[in-house]
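Below is one structure, written out as structure tokens; comments come after it.
Treat the numbers as computed from the prediction; the structure is a model and nothing was measured. All values below come from the heavy atoms of this structure, side chains included, with hydrogens, waters and symmetry mates left out. To find a chain, count down the sequence lines: A is the first, B the second, and so on, and within it residues start at 1.
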Protein chains: 2
Amino acid sequence: MLEKSHKHITCKNCLSRKDSLLCSMTGEDLEKVDSSKSCSYFKKGQPLFIEGGLPRGVFCINEGKVKVYSRGEEGKEQIIHVATSGEIVGFRAMFSGEPYSVAANTLEESNICFISKDDFLDLVDTNPNLRNGILRELSKELADRASFIKNMAQKSVRERLAAALLILDDIYGEDFINLSREDLANFVGTATETLIRLLKDFKDDGFVTTHVRKIEVLDKEGLIRLAGV
Amino acid sequence: MLEKSHKHITCKNCLSRKDSLLCSMTGEDLEKVDSSKSCSYFKKGQPLFIEGGLPRGVFCINEGKVKVYSRGEEGKEQIIHVATSGEIVGFRAMFSGEPYSVAANTLEESNICFISKDDFLDLVDTNPNLRNGILRELSKELADRASFIKNMAQKSVRERLAAALLILDDIYGEDFINLSREDLANFVGTATETLIRLLKDFKDDGFVTTHVRKIEVLDKEGLIRLAGV
DNA sequence: TAAGAAGTATGATTTAGGTCATTTTTTTGC
DNA sequence: GCAAAAAAATGACCTAAATCATACTTCTTA
């Protein structure tokens, strides 16, 4: 259980610092970030921002998980990305100058820092390292999404589920994957019922086991073979 | 028919200049681009770069069309983007420092300029306008791809075809859409046979007409309604 | 701690769209 | 201008996965 305080989290002490684009800065830049940001505790399911909203700044996840998604016609969510500790969320709309094209909600209770648009853009402008980091990050994500598109177009739901479980296993690290069946289905891009059935198959085949809602990956190799990555 | 010469195309005279991130620069920066780039004529179907290759620079389309795609398991292409005059192709891998995650081929004969990695990165580093333009461009593309993913997951092939035709109609401007049925299928993310059948339906319904392989959009409004955009 | 609400699971049914086979049309190269 | 190859079109068939209906479990919170 996270502390429900709103106390400031010093970047220097941030556990996710080494993995973070933002907090991996040094010297006075780091101090600048530190002094201009605010930190908040988010309950599970709270929105960071909504589709169509206007961006006021970026969010840096100190601890927790955030789903980035977009809603289709009948309200069905497509989860584009699951962000974890150290990641910056919401910086795309910052540069495009357009409203958010996606929404973001916490998937569990989280501590999340916020840096205002001006401060962030100022940092990007004056700090070549951060800038290059962001360019690199954007490019990588673009590559990720190209392969996401390809998978959606060419792979079966079964293959996509295997791939998704591998990605999520990475994101959740030592913890079990902790997503509702519906969220998982919305990440894989399928109906919840189909997801549940396939997950059962995977259990029968020994690829995973479940602890109520949580999913434990037992056979990575098997999933890799199945996903055809 | 384009001139098959390799003569230098001066950025100042580039017809696509107004639409181009790169050539919309001014003064000495423009001259710098101009002097450091080389221009080539590409036949239809020629590769600019291949998946897994190492990037040496970026391509700027003076005239022509380029498909950006990625190949799946059985070699089936998924077309991610169709680039046209004025667009820069291949700058993502430039920043990520990784091999190309996608490939690019001309879809028709094209005049394409090339700027080396060093020159390009130098420009990005020293020219804040270009830099911001690139950040904006990357962000927009990221948003595009999120909606691409959502469409693949939630829309029917019929709806996706309608959406694809609208996008392509924009890209081809005054010209008719000129893609092989296979390429179109690989853009929509479906089997070629399915695409041909649906295209016939669209013809019967008066949304489009075909001139041999070329496709003319007759009823944009109708397609918009169908695509549910 | 009981009741209601969410979330998970399973069964039955339908269908969009993939696959394979074949024919027809268009393009390409000699 | 003709033969061969490539692309487009059509038909027959099949299955992965969606949808709808219902039941069962696990969380909430009153």
Donor-acceptor side-chain pairing of A:Thr106 and A:Lys43 below 3.5 angstrom: no
Between A:Tyr172 and A:Lys65, is there a cation-pi geometry (under 6.0 Å to ring centre, at most 45° from the normal)? yes
Residues in side chain to side chain contact (heavy atoms under 4.5 Å, CB included) with A:Thr194, at least two apart? A:Val157, A:Thr190, A:Ala191, A:Leu198
Is it the case that A:Glu87 and A:Thr84 place a side-chain donor and acceptor less than 3.5 Å from each other? no
Regarding B:Glu77 and B:Lys67, does a basic nitrogen lie under 4.0 Å from an acidic carboxylate oxygen? yes
Check A:Arg145 with B:Glu141, please: is the shortest side-chain N to carboxylate O separation under 4.0 Å? no
Just the atom pairs and distances: protein N or O near nucleotides 14-18 of chain D's N or O, under 3.5 Å.
residue, atom, partner, partner atom, Å
D:dA17, OP1, A:Val157, N, 2.7
D:dA18, OP1, A:Thr190, OG1, 3.2
D:dA18, OP2, A:Thr190, OG1, 2.7
D:dA18, OP2, A:Ala191, N, 3.4
D:dA18, OP2, A:Thr194, OG1, 2.7

Can you tell me which residue among B:Leu166, B:Leu223, B:Leu195 is in a side-chain contact (heavy atoms from CB on, under 4.5 Å) with B:Leu161? B:Leu195
Can you pull out how bent the helix from C:dT1-D:dA30 to C:dC30-D:dG1 is, comparing the axes over its first five and last five pairs, to 10°? 60°
Whole-Å gap separating C1' (D:dT10) and NZ (B:Lys203): 12 Å
Flag yes if more than 12 heavy atoms outside A:Leu218 fall under 6.0 Å of its CG atom; otherwise flag no. yes
With a 4.0 angstrom cut-off to heavy atoms of chain A, pull out the first and last contacting nucleotide of DNA chain C, in 5'-to-3' order. C:dT8 to C:dA12
Is the shortest side-chain N to carboxylate O distance from A:Asp201 to A:Arg158 below 4.0 Å? yes
Output one line per pair: protein atom, nucleotide atom from nucleotides 4-8 of chain D, and distance, for all N/O pairs under 3.5 Å.
residue, atom, partner, partner atom, Å
D:dA8, OP1, B:Arg181, N, 3.4
D:dA8, OP2, B:Arg181, N, 3.1

Regarding B:Lys150 and A:Ser70, is there a side-chain donor-to-acceptor distance under 3.5 Å anywhere? yes
Please, which pairs that meet salt bridge (Lys or Arg N to Asp or Glu O under 4.0 Å) have at least one residue in residues 45-60 of chain A, sequence neighbours excluded? none
Do you see a donor-acceptor pair shorter than 3.5 Å between the side chains of A:Tyr69 and A:Asn105? yes
